[in-house]
There are 2 protein chains.
Amino acid sequence: MTAYTPGQAAEETGFSLDTLRYYERIGLLEPIERNAAGQRRFSEDDLHWLGMVRCLRDTGMSIAEMLRFAELTREGEHTIRDRIALLAAHDRAVESQIAELRQKQEVIQGKIQYYRDVLAIPDGLYDCQEKHAAPEERRDLQHADG
Amino acid sequence: MTAYTPGQAAEETGFSLDTLRYYERIGLLEPIERNAAGQRRFSEDDLHWLGMVRCLRDTGMSIAEMLRFAELTREGEHTIRDRIALLAAHDRAVESQIAELRQKQEVIQGKIQYYRDVLAIPDGLYDCQEKHAAPEERRDLQHADG
DNA sequence: GCTTGACCTGGAGCCCGCTCCAGGTGCCAC
DNA sequence: GTGGCACCTGGAGCGGGCTCCAGGTCAAGC
């Protein structure tokens with residue numbers, strides 16, 4: 001069975017050594033095996049689990065919720081429905097996260113376009129006070145362009 | 001000119017009173033006007049700006065970067081190109097945020113599907129050790145279904 | 001046999017972004 | 001005139017998620 005040193009595990013997972021130790025300490029990882037010298041040796045399974053952790057973390061799951069998932073996983077087979085429920089809820093959360101990002105991104109792009117329009121109007125044709133007005137409220141400005 | 005009490009501003013923007021005061025303190029808002037009693041009165045402009053702040057914050061911009069944007073805005077007209085650059089960079093950041101979320105979401109959905117498949121297999125046809133194996137490595141299991 | 005380097009531990013510290021608190025003001029309703 | 005309420009201030013505290021540190025162990029290479 002392949003074993004990974006902490007350094008290799010860090011390399012593979014992108015977590016820092018400290019973070020790996022921290023995750024073990026709080027129980028997000030079950031106790032990692034040790035060699036004779038007491039040094040950790042991560043298994044292939046540990047790395048798979050860490051991959052899942054990275055995925056959940058990077059999609060905004062809190063450590064508390066990941067711990068819940070870890071517990072379910074440790075409890076065995078009969079928690080699979082609960083795990084599905086947990087992941088499905090998270091999946092929906094990710095979905096709405098994406099939707100919100102898209103929507104706010106449009107506002108940002110609108111603002112960029114607004115600034116571009118301002119630059120496109122020759123100096124002096126508009127008063128300089130932007131005053132944080134929303135782009136939509138300056139449509140007059142954009143019309144002045146034609 | 002419409003003015004908003006702190007309570008109304010909080011209501012409209014979704015920021016807490018404390019957060020509004022905090023934002024003013026750190027300079028993310030320029031000093032808010034006061035009435036005779038020294039109480040804040042937010043202007044329409046303040047609310048517009050706060051709308052932008054919410055947008056940037058909710059898309060993951062740090063306070064430090066929002067401060068940078070606020071400074072540019074205060075410096076006036078000649079910083080518009082810089083502001084475009086800043087927002088365009090943020091727009092790209094949002095884009096890759098979304099891409100990453102989508103990608104990780106697929107992994108999560110794959111895991112959900114894996115669990116569903118496990119449930120679909122009648123008891124006893126598989127050994128119970130999941131051991132955090134990635135779904136792809138258990139394809140044998142899924143084939144066992146047919 | 002000594003250095004180097006990767007690891008170990010427990011515990012403190014850090015950064016971010018708020019959030020809460022104590023003590024005070026001003027105004028309105030009863 | 002006395003609640004009650006919305007607000008004020010400066011400053012402390014907090015929760016999340018790490019990150020750093022001091023002091024120590026072991027293994028390999030020179």
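Chain naming here is simple, since letters A, B, ... match the order of the sequence lines and numbering starts at 1 in each. As the structure is a prediction and not an experimental result, all values here were calculated from the model.
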- Query: dT19(D), dC7(C), dC26(D): which one has an atom nearest the side-chain heavy atoms of Ala37(A)?
  - Reply: dC26(D)

- For Leu20(B) and dG17(C), what is the distance between atoms CG and P respectively, to the nearest whole Å? 16 Å

- Answer yes or no: does a side-chain N or O of Arg40(A) lie under 4.0 Å from OP1 or OP2 of dC7(C)? no

For nucleotides 10-16 of chain D, give me every protein contact, N/O to N/O, under 3.5 Å, one pair per line with atom names.
from	atom 1	to	atom 2	distance (Å)
dG11(D)	N7	Arg25(B)	NH1	3.4

- With respect to the phosphate group of dC18(C), does any side-chain polar atom (N or O) of Tyr23(B) fall under 4.0 Å of OP1 or OP2? yes

- Message: Tell me whether Glu71(A) is salt-bridged to Arg83(A), with the criterion being a basic N under 4.0 Å from an acidic carboxylate O.
- Response: no

- Taking 4.0 angstrom as the limit, do Glu100(A) and Lys104(A) come out as a salt bridge? yes

- Whole-Å gap separating P (dT25(C)) and CD (Gln39(B)): 13 Å

- Decide yes or no for Asp46(A) and Leu29(A): does some side-chain heavy atom of the first lie under 4.5 Å from some side-chain heavy atom of the second? no

- Is there a side-chain contact between Arg57(B) and Arg54(B) (heavy atoms, below 4.5 Å)? yes

- Query: Hey, is the side chain of Arg57(A) poking within less than 4.0 Å of OP1 or OP2 on dC18(D), counting only N and O atoms?
  - Reply: yes

- Does Tyr4(B) have Arg41(B) sitting over its ring (NZ/CZ under 6.0 Å from centre, angle to axis within 45°)? no

- Query: Below 4.0 angstrom from OP1 or OP2 of dT19(D), is there any side-chain N or O of Thr19(A)?
  - Reply: yes

- For atom CZ of Phe15(A) and atom C1' of dG17(D), their distance in whole Å: 12 Å

- How close or far is atom P of dG17(D) from atom CG of Leu28(A), stated in whole angstroms? 10 Å

- Protein-nucleotide distance (Glu11(A), atom CD; dC7(C), atom P), rounded to Å: 11 Å

- Query: Taking CD from Glu24(B) and P from dG17(C), how many angstroms apart are they, rounded to a whole number?
  - Reply: 19 Å

- Query: At their closest point, which heavy atom of Phe42(B) faces which heavy atom of Leu47(B), and how far apart are they?
  - Reply: CB-CD2, 4.1 Å

- Over how many whole Å does the gap from Asn35(B) atom CG to dT25(C) atom P extend? 16 Å

- Message: I'd like to know if the side chain of Gln39(B) and the backbone of Arg34(B) have a donor-acceptor N/O pair within less than 3.5 Å.
- Response: no

- Query: In whole angstroms, how far is the P atom of dC18(C) from the CD1 atom of Ile26(B)?
  - Reply: 8 Å

- Looking only at side-chain N and O atoms, does Thr5(A) come under 4.0 Å of OP1 or OP2 in dA6(C)? no

